[in-house]
Protein chains: 2
Amino acid sequence: MKIDPKSPADLSAQIAKAIRDAILSGDLIVDERLPSEAELADQFDVSRPTVREALKRLAAQNLIRTQRGAAGGAFVRRLGYHEARAQHITTSTLLLSMNAVDFDTACEARFALERACAPLSAERRSADHLATMRAEIHRQSQPGLSDESFCDSDVAFHRALVDGAENPVLSYQLAGAVEAMQPLMNMITFTQRNRDMIVGLHTRIADAIQARNAAAADAALDELTAYTLQLGNDAMVAREKR
Amino acid sequence: MKIDPKSPADLSAQIAKAIRDAILSGDLIVDERLPSEAELADQFDVSRPTVREALKRLAAQNLIRTQRGAAGGAFVRRLGYHEARAQHITTSTLLLSMNAVDFDTACEARFALERACAPLSAERRSADHLATMRAEIHRQSQPGLSDESFCDSDVAFHRALVDGAENPVLSYQLAGAVEAMQPLMNMITFTQRNRDMIVGLHTRIADAIQARNAAAADAALDELTAYTLQLGNDAMVAREKR
DNA sequence: CGCAGTTTAATTGTCTGACATTTTGTTGAC
DNA sequence: GTCAACAAAATGTCAGACAATTAAACTGCG
């Protein structure tokens, strides 16, 4: 762990970077204990509050966890799929909402990636994944469902489709594209006719996955892509008219 | 912005969460100025260092930026593609390295996603993207190139391929899959024969993209996937023998 | 009245020192 | 030998102060 020169300001950022680099480069192993705040303050020649701010930065990135008490301190944290996924979704959602990404771009990205999963999912899906897909289709068919709940179910359906590929890296990467779309999808008002159409396409996808027919799944996803794009554009037009 | 109960500990985390939620929910707009640290300390009924730790957490997530001086303070930050990309790559790299993801899984995910981009890239690629791809192929062909530089160039080539789809959301999502693979790829020793083979496949991909031939690009990527998987498995076997 | 230079005030960055809280380890009594 | 009380170590929090920086207000001169 190295020092920092008398560069102008933001000592805490420099210290955080030094420690982060040590973790990234493997100098610090998972579950390894960092020196105490007092020791770090001594090493970097700064005060304890400054060290603390640096540690909080790292804690915010899920790189360390802290524990109070005698044998306490800061420990390098194992970044699990769950936390990484949550972080990825948060970042993706913010990115989309803060940059006024148009519906077409986000939609295109989402379905392009999903179609990459479909063949793998058709090959490997378990009965569990299939059951989840069927259950969500059933939920989507229920009358009186709010638009928001319909979107929730839509996301759950597609998550099951992606998870069916049994590749955690793929699930992690896709989470950002699928879940971050939800706020955009929530701007759409789904008529009963829209819902019937989507449920029909979902059923075709589930059937194809069940039959391990990658080509059929791809075709249904292609239609769903086009239909979703159309719905999004209709919503945009209606929005501008208002 | 609401208060926090007398819950036991980690006031700074609670405050950070409160402010983060305010940003996520849209209560705080981009470039809006937060109250000063002293005011926040007053509102939340904590001391200024505690507020500062909370703000550092948010700064680490690129949610705010701080500025010194009279009209200074903390401002809600627009999350740009560049920062989001960097964050995503860091998280993905850590996720792979800390969870001992096997080469096959990561490789499968990467190429599945890349193949999703290829058709779009074939359709939309600019002369610039094509020139970058050709330049990287040329770099990869040079003798005496270190394995590390070869990998660098490989990543640059694939980045150009993905960027060719002209979809920033896609580029962002793919960055995690492509760049995070680099540490794994760096464990492979590339013989001259390996490199010739890869350069050949890259050339086929570039040719297909130039000709706007999606099917040919897909076929070449398919071969590259298989070849990369084989190289990775060979490296694993060699590693275990040692 | 207008503009340039200076002053001033607000705000973050950092330090010092202290106390509270929590957990662990040790020691002493039985 | 076992258990309980105490001491130690570490983080969490607070209070007050000073330094650094920057924008705005003010002042003086033309």
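Reminder, nothing fancy here: chain letters follow the sequence lines and each chain counts from 1.
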Test A:Leu58 against every option in A:Arg77, A:Arg65, A:Arg20 by the side-chain contact (heavy atoms from CB on, under 4.5 Å) rule and name the one that passes.
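Among A:Arg77, A:Arg65, A:Arg20, the one meeting side-chain contact (heavy atoms from CB on, under 4.5 Å) with A:Leu58 is A:Arg20.
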Atom-to-atom span, [atom1] of [X] to [atom2] of [N] - whole angstrom:
{"X": "B:Gln67", "N": "D:dA23", "atom1": "CD", "atom2": "C1'", "answer": "9 Å"}
{"X": "B:Asp45", "N": "D:dT13", "atom1": "CG", "atom2": "P", "answer": "13 Å"}
{"X": "B:Arg52", "N": "C:dC15", "atom1": "CZ", "atom2": "C1'", "answer": "11 Å"}
{"X": "A:Asp10", "N": "D:dA20", "atom1": "CG", "atom2": "P", "answer": "16 Å"}
{"X": "B:Glu37", "N": "D:dA17", "atom1": "CD", "atom2": "P", "answer": "18 Å"}
{"X": "A:Glu39", "N": "D:dA10", "atom1": "CD", "atom2": "P", "answer": "7 Å"}
{"X": "B:Asp42", "N": "D:dG16", "atom1": "CG", "atom2": "P", "answer": "13 Å"}
{"X": "B:Leu11", "N": "C:dT22", "atom1": "CG", "atom2": "P", "answer": "12 Å"}

[options]: which one has an atom nearest the side-chain heavy atoms of [X]?
{"X": "A:Ser36", "options": "C:dT12, D:dC14, D:dT11", "value": "D:dT11"}
{"X": "B:Thr66", "options": "C:dC15, D:dT22, C:dT12", "value": "C:dT12"}
{"X": "B:Arg68", "options": "C:dG13, D:dA23, C:dT14", "value": "C:dG13"}

Short question: side chain of B:Gln14, backbone of B:Leu11 - any donor-acceptor pair under 3.5 Å?
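Side chain of B:Gln14 to backbone of B:Leu11, a donor-acceptor pair under 3.5 Å: no, none is there.
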Whether the side chain of B:Arg48 and the base of C:dG13 hold a donor-acceptor pair under 3.5 Å is what I'd like checked.
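Answer yes: a donor N or O sits under 3.5 Å from an acceptor.
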May I ask you to check whether [X] and [Y] show a side-chain donor-acceptor distance below 3.5 Å?
{"X": "B:Asp154", "Y": "B:Gln182", "value": "no"}
{"X": "B:His158", "Y": "B:Arg110", "value": "yes"}
{"X": "A:Asp163", "Y": "A:Ser171", "value": "yes"}

Could you give me the CA-CA distance, side-chain angles and deciding distance for B:Tyr172 and B:Tyr81, then say whether ring pair (Phe, Tyr, Trp, His ring centres under 6.0 Å) is met?
CA-CA 7 Å; B:Tyr172 157 71; B:Tyr81 281 106; 7.2 Å; no
Positions of residues 53-65 of chain A (non-hydrogen atom under 4.0 Å from DNA chain C), listed by number
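Nothing qualifies; none.
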If you assign B:Pro49 and B:Ala70 each to the DNA chain D nucleotide with the nearest heavy atom, which residue ends up on the more 5' nucleotide?
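Final value for this comparison: B:Pro49.
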Report the relative orientation of the aromatic rings in A:Phe150 and A:Phe190; use parallel for angles under 30°, tilted for 30 to 60°, perpendicular for over 60°.
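Rings of A:Phe150 and A:Phe190: tilted, as their planes differ by 30° to 60°.
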If you assign A:Thr50 and A:Gly69 each to the DNA chain C nucleotide with the nearest heavy atom, which residue ends up on the more 5' nucleotide?
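Whichever sits nearer the 5' end wins; that is A:Thr50.
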